[in-house]
Chemist: 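Following this message is one structure expressed as C-alpha cells.
Nothing here was measured: the structure is a model prediction, and the numbers come from that model. No hydrogens, no waters, no symmetry mates; every other heavy atom, side chains included, goes into these values.
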Amino acid sequence: MERVRLSESLEMSRIVYGMWRIGDDQDTSAAHIQAKIEACLEQGLTTIDQADIYGGYSAEEMLGEAFRAAPGLSDKVEIVTKCDIVAPAGRHSAARVKYYDTSSGHILTSTDKSLSLMGIDKIDLLLIHRPDPLMDASETGRTLDDLVASGKVLNVGVSNFKLHDWTLLQANMHQPLLTNQIELSLLAHQGFTNGDVAFLQERRRPIMAWSPLGGGALAANAADSKLVKCLTDVAARNDVDRAAVATAWLLAHPAQILPVMGTNTINRIKGFSDAFKVNMDRQTWFELYTAALGHDVP
C-alpha cells in the first residue's frame with residue numbers, strides 16, 4: 001500500500017483504519033480486534049485511528065487489550081488518537097453537558113490516560129478533536145509543544161478545524177500541525193469548494209478524511225440514485241465494489257487525502273486495498289463529482 005510521510009518521525013499508510021465504531025461490534029474481544037488489525041497489516045495498512053471518546057471512552061482500552069494479548073503487535077502500527085471532547089459517558093459520566101476542553105491540564109491528563117489504556121509508550125500523532133471556542137491558543141500550543149518535547153507524543157495535528165482555528169493555534173506553537181482530519185467524501189464534498197482542501201494542500205499537509213463513505217451510504221443504496229448508478233457503473237468497469245470507487249475518488253486528489261475507513265466487518269477490511277485497482281482518470285473523477293453535485297460543474 002502507498003505510504004505518506006508527514007514528518008521525519010511519522011510515515012502513515014495511505015488508507016487508515018478508524019476505530020470509532022469498535023464498541024458497536026458484537027464481538028469486542030482482544031482476539032477479534034487483533035484479527036481486524038492483522039487484516040489491515042496484510043494489505044500494508046499500518047495506521048490506526050483512535051480517540052479517547054470512541055466507544056464511550058472504551059475503545060482505546062479495547063485496543064490496548066488486543067496489544068497486551070499479542071505482544072509486538074503495537075510495534076507494527078502507527079497510533080493516531082484525539083482528545084478534548086468531554087461527554088456525559090464513561091469516565092466523564094458526571095459531566096452536565098457535552099463540551100470541549102483544550103486546557104493544558106485536560107490535554108495532559110487525556111494523553112497519559114490514552115497511553116495507559118492502550119499500553120503504549122508513545123502516541124505517533126495526537127489530534128485536538130474539535131475546535132474549542134474557549135481555547136487559549138497560547139496555552140494549548142505550549143502544551144502540544146511540551147508533549148512532543150517529552151517524547152510521549154511524536155507529532156501533533158487537529159481534527160475538524162476551520163482555517164482560522166488552524167492558523168490561530170499554529171501561530172502559538174513551534175511544532176508543525178501535520179494534518180487536519182475533516183469530513184470528506186462524495187456526499188460531504190464541500191471541502192473542495194470552501195477552501196479547506198486548498199488551504200492544507202498549499203501547506204503540503206496531507207488530509208485525513210473521516211466518513212469517506214458518507215456513513216456507509218455510498219457502499220449501500222442510501223445515496224442519491226444518480227450517484228449510486230455512477231458508482232455502480234465505475235465499480236463494474238473495474239471489478240470492485242462501490243466502496244472501493246468512493247475511496248479511490250479521494251485517493252486520486254493531489255492533496256494526498258488519507259481516507260479513514262471504519263467498518264467492523266473483516267471481509268470489508270480485507271477489501272480496502274481494492275481502491276488502488278480503480279482507474280480513476282480525470283473524466284471518471286468528474287463523472288462522480290457531477291453525480292454528487294446533482295448538476296454539471298459551472
Chemist: State, yes or no, whether a side-chain contact exists between Pro131 and Asn160 at a heavy-atom distance under 4.5 Å.
Modeler: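 Yes, their side chains come closer than 4.5 Å.
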Chemist: Could you tell me how the ring of Phe272 sits relative to the ring of Tyr17: parallel (under 30°), tilted (30 to 60°) or perpendicular (over 60°)?
Modeler: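 Correct class here is tilted.
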Chemist: Looking at every heavy atom in both Leu163 and Gly195, which two are closest together, and how far apart are they?
Modeler: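 The answer is CD2-O, 4.0 Å.
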Chemist: Check whether any side-chain N or O of Ser159 sits under 3.5 Å from a backbone N or O of Gln181 as a donor-acceptor pair, and report yes or no.
Modeler: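 The answer is yes, because a donor-acceptor pair under 3.5 Å joins these two groups.
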Chemist: Look up atom CZ in Arg142 and atom OG1 in Thr140, then write down how far apart they are to the nearest 0.5 Å.
Modeler: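 These two atoms lie 9.0 Å from each other.
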Chemist: With a 3.5 Å distance limit and no angle check, can you tell me whether Ser150 reaches the backbone of Leu147 through a side-chain donor-acceptor pair?
Modeler: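 Between the backbone of Leu147 and the side chain of Ser150 there is a qualifying donor-acceptor contact (under 3.5 Å).
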Chemist: Atom CG in Leu178, atom CZ in Arg203: separation rounded to 0.5 Å?
Modeler: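 Output value for this atom pair is 14.0 Å.
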Chemist: Within a reach of under 6.0 Å around CG of Asp27, are more than 12 heavy atoms found that belong to other residues, nucleotides or ligands?
Modeler: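 Yes, the 6.0 Å shell around CG holds more than 12 heavy atoms from other groups.
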Chemist: Please output the side-chain donor-acceptor pairs of residues 282-298 that fall under 3.5 Å, not counting sequence neighbours, one pair per line with the distance.
Modeler:
from   : atom 1 : to     : atom 2 : distance (Å)
Thr284 : OG1    : Asp281 : OD1    : 2.7
Trp285 : NE1    : Trp249 : O      : 2.9
Thr290 : OG1    : Phe286 : O      : 2.7

Chemist: Mind checking the CG-CG spacing from Leu168 to Asp136? Nearest 0.5 Å is all I need.
Modeler: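 Here the rounded value is 9.0 Å.
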Chemist: Are side-chain N/O atoms of Ser13 and Thr47 paired as donor and acceptor at under 3.5 Å?
Modeler: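 Note: Ser13 and Thr47 side chains meet the donor-acceptor criterion.
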Chemist: So how far is it from Arg5 CZ to Glu11 CD, rounded to the nearest 0.5 Å?
Modeler: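 Arg5 CZ to Glu11 CD: 4.5 Å, rounded to 0.5 Å.
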Chemist: List in chain and number order the residues that pass side-chain contact (heavy atoms from CB on, under 4.5 Å) with Ala198, two or more places apart in sequence or in another chain; answer none if no residue qualifies.
Modeler: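 In terms of side-chain contact (heavy atoms from CB on, under 4.5 Å), with neighbours along the sequence ignored, Ala198 is linked to no residue.
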Chemist: Which distance, rounded to the nearest 0.5 Å, do you find between the CD1 of Ile53 and the CD1 of Ile85?
Modeler: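 Separation between the atoms: 4.5 Å.
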Chemist: Between Leu251 and Met280, is any pair of side-chain heavy atoms under 4.5 Å apart?
Modeler: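 Leu251 vs Met280: side chains apart.
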Chemist: For Val16 versus Ile48, what's the shortest heavy-atom pair and its separation?
Modeler: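 Of all heavy-atom pairs spanning Val16 and Ile48, the closest is CG1-C, 4.4 Å.
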Chemist: Is there a donor-acceptor pair under 3.5 Å between the side chain of Ser110 and the backbone N or O of Ile107?
Modeler: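 Flag not set: sc Ser110 to bb Ile107 has no pair under 3.5 Å.
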Chemist: Step by step, work out the side chain to side chain contact (heavy atoms under 4.5 Å, CB included) result for Met208 and Met12.
Modeler: CA-CA 11 Å; Met208 297 181 70; Met12 292 168 56; 4.0 Å; yes
Chemist: Which word best sums up how the rings of His253 and Phe192 line up, parallel for under 30°, tilted for 30 to 60°, or perpendicular for over 60°?
Modeler: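 Rings of His253 and Phe192: tilted, 30 to 60°.
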Chemist: Can you hop from Ile22 to Ile79 via hydrophobic side chains spaced under 4.5 Å?
Modeler: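 Cluster IDs for Ile22 and Ile79 match.
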Chemist: Compare all side-chain heavy atoms of Leu73 with those of Leu41 and state whether any distance is below 4.5 angstrom.
Modeler: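 Yes, side chains in contact.
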Chemist: Verify the cluster assignment for Val148 and Leu6: are they in a single hydrophobic cluster under the rule of side-chain heavy atoms below 4.5 Å apart?
Modeler: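 Different clusters: Val148 never reaches Leu6 through Ile, Leu, Val, Met, Phe, Trp or Tyr contacts under 4.5 Å.
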Chemist: Side chains of Gln256 and Arg205, heavy atoms from C-beta outward: is any pair under 4.5 Å?
Modeler: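 No, every pair of side-chain atoms sits at 4.5 Å or beyond.
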Chemist: Does Glu183 reach the main-chain N or O of Ser211 with its side chain, forming a donor-acceptor pair under 3.5 Å?
Modeler: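 Side chain of Glu183 to backbone of Ser211, a donor-acceptor pair under 3.5 Å: no, none is there.
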Chemist: Among pairs that include at least one residue of residues 144-158, which meet salt bridge (charged side-chain N to carboxylate O under 4.0 Å, His left out), considering only residues two or more places apart or in two chains?
Modeler: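 Non-adjacent pairs meeting salt bridge (charged side-chain N to carboxylate O under 4.0 Å, His left out): Asp112-Lys152.
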Chemist: Is Val80 reachable from Ile120 through a run of I, L, V, M, F, W or Y residues, each pair having side-chain heavy atoms under 4.5 Å apart?
Modeler: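 Result: no, two separate clusters.
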Chemist: Looking at side-chain heavy atoms only, is the closest gap between Gln201 and Pro254 below 4.5 Å?
Modeler: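 Contact flag for Gln201/Pro254 side chains = yes.
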Chemist: Can you name the nearest heavy-atom pair linking Leu186 to Leu231, along with the distance?
Modeler: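 In this case the closest contact between Leu186 and Leu231 is CD1-CD2, 3.9 Å.
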Chemist: Restricting to non-hydrogen atoms, name the atom on Pro206 and the atom on Thr179 that form the minimum distance, rounded to 0.1 Å.
Modeler: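 So the minimum-distance heavy-atom pair works out to O-OG1, 2.6 Å.
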Chemist: Any carboxylate oxygen within less than 4.0 angstrom of a Lys/Arg side-chain nitrogen, looking at Lys229 and Asp233?
Modeler: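 Asp233 and Lys229: salt-bridged.
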Chemist: When rounded to the nearest 0.5 angstrom, what is the spacing between CD in Gln175 and CG in Leu144?
Modeler: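 Result: 9.0 Å between the selected atoms.
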Chemist: Take Lys277 and Asn238, measure what side chain to side chain contact (heavy atoms under 4.5 Å, CB included) needs, and give me the verdict at the end.
Modeler: CA-CA 7 Å; Lys277 300 176 182 178; Asn238 289 272; 5.9 Å; no
Chemist: Regarding Gln43 and Ser273, is there a side-chain donor-to-acceptor distance under 3.5 Å anywhere?
Modeler: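 Checked: Gln43/Ser273 side chains pair up, N/O donor to acceptor below 3.5 Å.
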Chemist: Same cluster or not: Leu45 versus Trp210, using hydrophobic residues (I, L, V, M, F, W, Y) connected whenever any side-chain heavy atoms lie under 4.5 Å apart?
Modeler: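 Different clusters: Leu45 never reaches Trp210 through Ile, Leu, Val, Met, Phe, Trp or Tyr contacts under 4.5 Å.
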Chemist: State, with a plain yes or no, whether a side-chain heavy atom of Met135 is found less than 4.5 Å away from one of Asp84.
Modeler: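 Of all side-chain heavy-atom pairs linking Asp84 with Met135, none is under 4.5 Å.
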Chemist: Output, in order, the C-alpha distance, side-chain angles, deciding distance and verdict of side chain to side chain contact (heavy atoms under 4.5 Å, CB included) for Val240 and Val278.
Modeler: CA-CA 8 Å; Val240 296; Val278 179; 3.8 Å; yes
Chemist: Ignoring hydrogens, what is the shortest heavy-atom contact between Ala69 and Ala30? Give both atom names and the distance.
Modeler: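 Ala69 and Ala30 have their closest heavy atoms at CB-CB, 4.0 Å.
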Chemist: Hydrophobic clusters here meaning ILVMFWY residues chained together by side-chain heavy-atom distances under 4.5 Å, can you tell me if Leu126 and Met173 are in one?
Modeler: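 Same hydrophobic cluster.
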Chemist: Kindly indicate, with the supporting measurements, whether the criterion side chain to side chain contact (heavy atoms under 4.5 Å, CB included) is fulfilled by Asp25 and His32.
Modeler: CA-CA 10 Å; Asp25 200 347; His32 191 54; 3.2 Å; yes
Chemist: With distance as the sole criterion, is a donor-acceptor pair present between the side chains of Ser9 and Asn155 under 3.5 Å?
Modeler: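 Asn155 and Ser9 do have a side-chain donor-acceptor pair below 3.5 Å.
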Chemist: Please tell me if the side chains of Leu117 and Met62 come closer than 4.5 Å, counting only heavy atoms from C-beta onward.
Modeler: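 Heavy-atom side-chain distance check fails, nothing below 4.5 Å.
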Chemist: Just grab all the salt bridge (charged side-chain N to carboxylate O under 4.0 Å, His left out) pairs involving residues 56-83, residues at least two apart or on different chains.
Modeler: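 Counting only pairs at least two positions apart or across chains, the salt bridge (charged side-chain N to carboxylate O under 4.0 Å, His left out) contacts touching residues 56-83 are Arg3-Glu78, Asp49-Lys82, Glu65-Arg68.
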Chemist: Side chains of residues 95-105: which donor-acceptor pairs under 3.5 Å do they make with residues two or more places apart or in other chains?
Modeler:
from   : atom 1 : to     : atom 2 : distance (Å)
Asp101 : OD1    : Ser103 : N      : 2.9
Asp101 : OD1    : Ser103 : OG     : 2.7
Thr102 : OG1    : Asp132 : OD2    : 2.6
Ser103 : OG     : His106 : N      : 3.3
Ser104 : OG     : Thr143 : OG1    : 3.0

Chemist: What heavy-atom pair brings Leu250 and Arg14 nearest, and what distance separates the two atoms?
Modeler: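 Heavy atoms only, the tightest pair is O-NH2, 4.4 Å.
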Chemist: Is the shortest side-chain heavy-atom distance between Thr232 and Arg242 below 4.5 Å?
Modeler: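 Yes, their side chains come closer than 4.5 Å.
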Chemist: Which side-chain N or O atoms in residues 257-269 pair as donor and acceptor under 3.5 Å with protein atoms at least two apart or in another chain?
Modeler:
from   : atom 1 : to     : atom 2 : distance (Å)
Thr263 : OG1    : Thr265 : N      : 3.1
Asn264 : OD1    : Lys36  : NZ     : 2.7
Asn264 : ND2    : Arg21  : O      : 2.7

